[in-house]
Structure formats: structure tokens, C-alpha cells
There are 2 protein chains.
Amino acid sequence: MNGTGVGGNVTMHDVAALAGVSVKTVSNVVNDYPHIRPATRDKVQKAIDELGYRMNLSARSLRQGRTGIIGLALPELSLPYFAELADSVIRAAEARGVVVLIEQTGADRQHELDVLTSDRRQLTDGLIFSPLELGPDDADALQVNYPLVVLGERIFGGDWDHVTMNNVDAARAATQHLIDQGRRRIAVVGAHAGETMGSAALRVLGYQAALAANGIPLDPALIIEGGLWHRATGAEGTHRLLDSGVPVDAIFGLNDALALGALHALHARGIDVPGQVAVIGFDDIEDAAYTSPTLSSISPGREQIATTAVDLLLARIAGSTEPYRRVIPDFALIARESTGG
Amino acid sequence: MNGTGVGGNVTMHDVAALAGVSVKTVSNVVNDYPHIRPATRDKVQKAIDELGYRMNLSARSLRQGRTGIIGLALPELSLPYFAELADSVIRAAEARGVVVLIEQTGADRQHELDVLTSDRRQLTDGLIFSPLELGPDDADALQVNYPLVVLGERIFGGDWDHVTMNNVDAARAATQHLIDQGRRRIAVVGAHAGETMGSAALRVLGYQAALAANGIPLDPALIIEGGLWHRATGAEGTHRLLDSGVPVDAIFGLNDALALGALHALHARGIDVPGQVAVIGFDDIEDAAYTSPTLSSISPGREQIATTAVDLLLARIAGSTEPYRRVIPDFALIARESTGG
DNA sequence: CTGTTAGCGCCTTCAT
DNA sequence: ATGAAGGCGCTAACAG
């Protein structure tokens, strides 16, 4: 039963007996305690190797109240941005010796609330949470008694740990880029009416700021609503926009999935990109570099967001008590064909 | 400390004391034991609610040797196919009351070996493993002493649990579809030289079978190697193919990422798809429906693969002993613009 | 630097 | 249908 597999039945006591030391000494060796005589360490290590001993992590968890697992709750892995984010979080976690349990909320409000109080929270030492539906009214739900790092900026005002990016400035830069290419009738796809603090609201703010700075009047007909930021939403919104007949020479997809949908719709209607309509997205997912035409986008520093979130969470787990709010300032405008001259 | 959060310190003893019963009775209630008097159950449940009791999962794990977590090891979530697979696995797992710990192997052989013997295996009750680099020579490494379900068909010959799809037939169907559109110079991108049983080898087999069935000679110059099935690999392989000057009127990307890369390369060279060159992929990732032109592909029944894998794993964890090898026979050819007349 | 003791919270006997 | 006791494997707290 115990060949190539992961050892089970052999305990510290067995190791201690074989090595002729106490269990505590074995524990010390296994946990890299500072002061152990090299001879003792070797003796123990030999016994460990000989028996193929592996520590029982459940027992350790029970004892110290930690599992070495962190949770990551996100809308869904099918959305490339979140898949890439998860990739980065897992890498960062692995580099720090912890593993990641992923839960999908499906962008469902109740599911997002559930994830915060789920039994599973007991299996994790802390949670990195990227909500899409929770808003300022749900601030109470985020007052949990375990380490929590919230991604994105849907919920301001609380004093919980927070990692976000500079949405307003980044969206302004994207819009300015379109303006620099001579575009004046710039639509935005994926807006959320009534919201004041989600990513959508902040990016629209940046869009408006850029228009204002360039003396371009804001035309409400160019602001296209779209709840879920999927490709389908972008395609459908773009069709609505074009059906409406308002003049358009550029589309700003509030994320890349929306922009990909826009490209799709424009292609379906035989509208040349960027000849007739320029398109820019947001997130710089891998896809953006491979579409036809390739998609200009904003690179939000995803890697840095992930490592920062993991670091904050681990610091909190380790006992740090100061409240954190980290804004990742670095973003980059990646100009590709879809906005090219 | 114990408001919205996930309860911690209150134990079964506390509940038992408040309810005036023994801990065993509380345990029975919590675990939905069959024979409990309704009155007793209510009493206990009331005490549980009043104290906000949550069972300590570490203690339970220690006691029964199970964590309720299953592992999922895959190359990387950045590859859309695997992100979508993970999505499906997580959903299937959730529906069955378990959660998923994801580990990325980065398509690195050593990493793939490590994942099988890692300490983390102790946190999981079993593993769903999608290897990319392990081959027949590594069969021994798969002889582990915990429930393991292998995805894909890189390693035949062992008697471990296995979920795969009908790669040969599906690839034959893809190729036949191109032939049906009048194509005769069909290249394949992403082949793995020297392999005999991976997805690449099997799909190439199907390709060859289709050619043979239609009396089309096999031209080795049309078989383009490509190790990692990323978009970049597909683009680069396509450039190599076109640089070589051999006549081509269709490209079969052995997965969608490769096909997306091919579309990208063709677009960059101003070659019309499908006018001059038709393109088909494999996997039917979400992207395929949104590229320009939209990408024809093979839908492999990803959802069914995921649920089957989870079901097999859970059955094995529950103690089933018969060796399984399940082939998911259902695939579908999705014809889109990239192969359109 | 190393040994001893006493639980962590639960579930599995074995009684009743 | 419920209670009592013991231990799963580990580590924190003290000795020494």
C-alpha cells in the first residue's frame, strides 16, 4: 500500500522510536527548528527516509488551527481574465508554500454572500475574494472573522484589506488613446447604470474625464449598458449600438471580453476595424494579441495584483493587524491593430 | 469575534451541554444519522443555531482520514481549454459536496511527477490529473496509493482510472469536414514527433485516416510540429508552414489555441480565411465563436468529461475497487466561418 | 538542546 | 435511540 504513494500510516512515534529520540525532536526536525544538533537531525532524517514518513497535515491543522490552504473566490474561470488571475494567484501562493482552493460564484449575489460564510471557509486560512455583485450595502457581510482580501473596488468605505488598480486613470488613458487617433464618436460598452463604485462606474468616469479634457461632448446614446462582461454581452451591445444609427468611430469595451464581442459584431456586419471603427479593451488577456485585428487594451498589472493580494493575505494570516488598502498604480496601454492608424 | 464570521471556538461539547444531550447525539444530528427522535434533533438544532456552532473540519479530517477536498492538476489555467475544464470540474464537485484544490504543472515533466507525490496529496482525498508530459515510461509513477483519475490518453497500458475522449474519430471528422469543403492540401499544426499515444498522436492518426479514406496522399511537409499547444505555437508553426512554400488550402490546429494562432498568422500575412485557407480547431473553447472569422472546431464533451471524472473519483474514494476506463464517445463538429464555403 | 504531558475536536467502538 | 471513553497525529508548554 505504501510504495510510490503518499505515506499515511507511519507516525512521528514510529520515526521517534526508530531514531531513538522523542516525538518532539522529530517534530522539531520536520519543522526546521533552529537548534538541533546535526547528529540528531541526521539520525531523525534517516529514520524518516527509511520509513517513508509523511506528516499528517490534518493532525497539524487540528493542532495549530491552520490548513495551509487559501481560498480564491471569483465569478468564473471561463472568463479569461479570471482564469489568468487564478493562474497568477496559484503561482504566487505556491512560491510561498500555500495552496489554493478555488470557488466560483457565477456572479450571483447570493452565491457571493454564501462564499463568505460557507463551511469551506474553515478549510482555508483566509480568502481572496473578487466580487462582482456585492455592493456598498453588503459591507456588513464583509465583516468576517478571518483574513480576507477583497479584489476590485465594488465596495468602498470599509476598512478591510483591499487590492485594486487605478481604473479611472487607466480608462482615461484608453479613451485618450482613441482620441489621439482622431476619434470623436467614442462609444463605451458594458456600463452599469446606477452604480457608483464598481469597475464599470470607475472606468466610465475615466472615459468621461478624457472626453471632457478634450472638449468632446458626452453623448448618452454612446453609453451602452451590459451587465455581465462576457463576449456575448459585448457583441449584443455593439449590435444595439449600431442598430440605433448613432454615428460611431470607436468603441471602448470596458473589458476585453466585451471588446472581443464588439470585434465579433463589427466583423459580422462587415465594418472595418480600425478603418471605420476603432476598438480598445481592458485587461490585456492573452487573446488580445491574437484576434484579427489584434486588440488594443490596458494591461492592469494582473501579476502584481495577484502577488500583492497573496502577500497581504499571508501577512494577515500571520497576525498583522493594520488595515491595508493597496492600489496597484502600474498599468500600461498596449496599442495594437484595432486602434492602429 | 464571532459575528458574521465562520464560527470557530464553540465545540460539540458546548452544543451537547446546552441541548442536554451527549456529544455523540450532536454528532449524529450534524451527520444526518437515520434514527434520531425528532424532539432530540430539534433540541440539538436549536442549540447549534443559538451558539452558531460550525463543525471543525480539521478534527473530522483527522478522525476519518478524509478532507472533502479533491485535487485537480492541470498544465495551466491560462490555456482556455483547461480553464473551462476547471470550471466544469469545480461545478461538478460542488454539486456533489466537495471542493477543488487546483495545482498547475506548467506542462513540466518534473512538476507533473512532483504533483503525484507532493505533501499536498494528503490534503486531498483524491486527484484528477491531466498530464501533458508524462508518457508510457512513467507508468510506475501513476501507481499511487490514493484515488487517481487520469485525463487524456498520454499513458495507456496501466489499469488506473481513466477518462478520455474519442480523439481519433473526432480528428477524422474534422479532417473529413475540410475534405468535404473541397480542400486537399490540409496541413496539421501541433504534431509531436516520436509520440505514439498522446492527444497529438491520436489526432494525427485520425487526420491520416481521413486522408487515406479519401485517397489523398499524405505529405509530410504538411505536418507541422509544435510542442506546447499555445496560440504562439500555432502562429509560429503556421508561419513556418507558409515560409516553406508548400501549397496549402486548409489547416487543422490540433487544438483551438493552435488554430487561433494559425488564424492570427494568416491574418498577418493577408491570407483570406476561408477563401484561401480554411482553418479548423479542436476543443471548441468559447473563443471559437468570437474570432474573426469564427472558428470551426470539435466540441469534445468537456462537461461530460468533467462530471465523469469527478464521479469516478468519488466512487473510488467511496471504496469502489473495479478499474475504470471511460471513453466519452460524444463529440460534435461545430462548423463556423473559418471552414465555410 | 531534548523529553514528557496534555489536549486540539471529532468519530468509532461498545454499552445501555 | 442515546451515553461514555478512547484515540486519530500532532504541537505548545513546560521541564530538565
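Each chain gets a letter, A, B and so on, in the order the sequences are listed, and its residues count up from 1. The shown structure was predicted, so the numbers you read here are calculated from the model rather than taken from an experiment.
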(request) Could you encode protein contacts along nucleotides 10-16 of chain C as a string, one character per nucleotide from 5' to 3', using B for base contact, S for sugar-phosphate-only contact and - for no contact, with a heavy-atom cut-off of under 4.0 Å? (result) BBB----
(message) Heavy atoms only, 4.0 Å cut-off, all strands: where does B:Ile36 land among base, sugar-phosphate and nothing?
(response) sugar-phosphate
(request) With sequence neighbours excluded, tell me which residues meet side chain to side chain donor-acceptor pair (under 3.5 Å) with B:Glu50. (result) none
(message) The criterion is side chain to side chain donor-acceptor pair (under 3.5 Å); which residues satisfy it with B:Lys46, sequence neighbours excluded?
(response) none
(message) Rounding to an integer number of Å, can you tell me how far B:Leu62 CG sits from C:dG9 P?
(response) 12 Å
(message) Is B:Thr40 close enough to D:dA1 that one of its side-chain N or O atoms is under 4.0 Å from OP1 or OP2 there?
(response) no
(message) Please check: side-chain N/O of B:Glu112 versus main-chain N/O of B:Leu134, any donor-acceptor pairing under 3.5 Å?
(response) yes
(message) Taking side chain to side chain donor-acceptor pair (under 3.5 Å) as the definition, give me every residue that meets it alongside B:Arg37, ordered by chain and number, with sequence neighbours left out.
(response) none
(message) A side-chain contact here means heavy atoms from C-beta on lying under 4.5 Å apart; do A:Leu127 and A:Phe129 qualify?
(response) yes
(request) Please tell me if the side chains of A:Val21 and A:Thr40 come closer than 4.5 Å, counting only heavy atoms from C-beta onward. (result) yes
(request) Please report the C-alpha distance between A:Arg326 and A:Asp161 in whole Å, then the side-chain angles of each, then the deciding distance to 0.1 Å, and finally whether the salt bridge (Lys or Arg N to Asp or Glu O under 4.0 Å) criterion is met. (result) CA-CA 8 Å; A:Arg326 285 261 230 290; A:Asp161 297 339; over 6 Å; no
(request) Describe, as an angle rounded to 10 degrees, how the axis at the first end of the helix from C:dC1-D:dG16 to C:dT16-D:dA1 is tilted relative to the axis at the last end, five pairs per end. (result) 30°
(request) Name all residues meeting the salt bridge (charged side-chain N to carboxylate O under 4.0 Å, His left out) criterion together with B:Glu103; count only those two or more places apart in sequence or in a different chain, and write none if there are none. (result) B:Arg120, B:Arg121
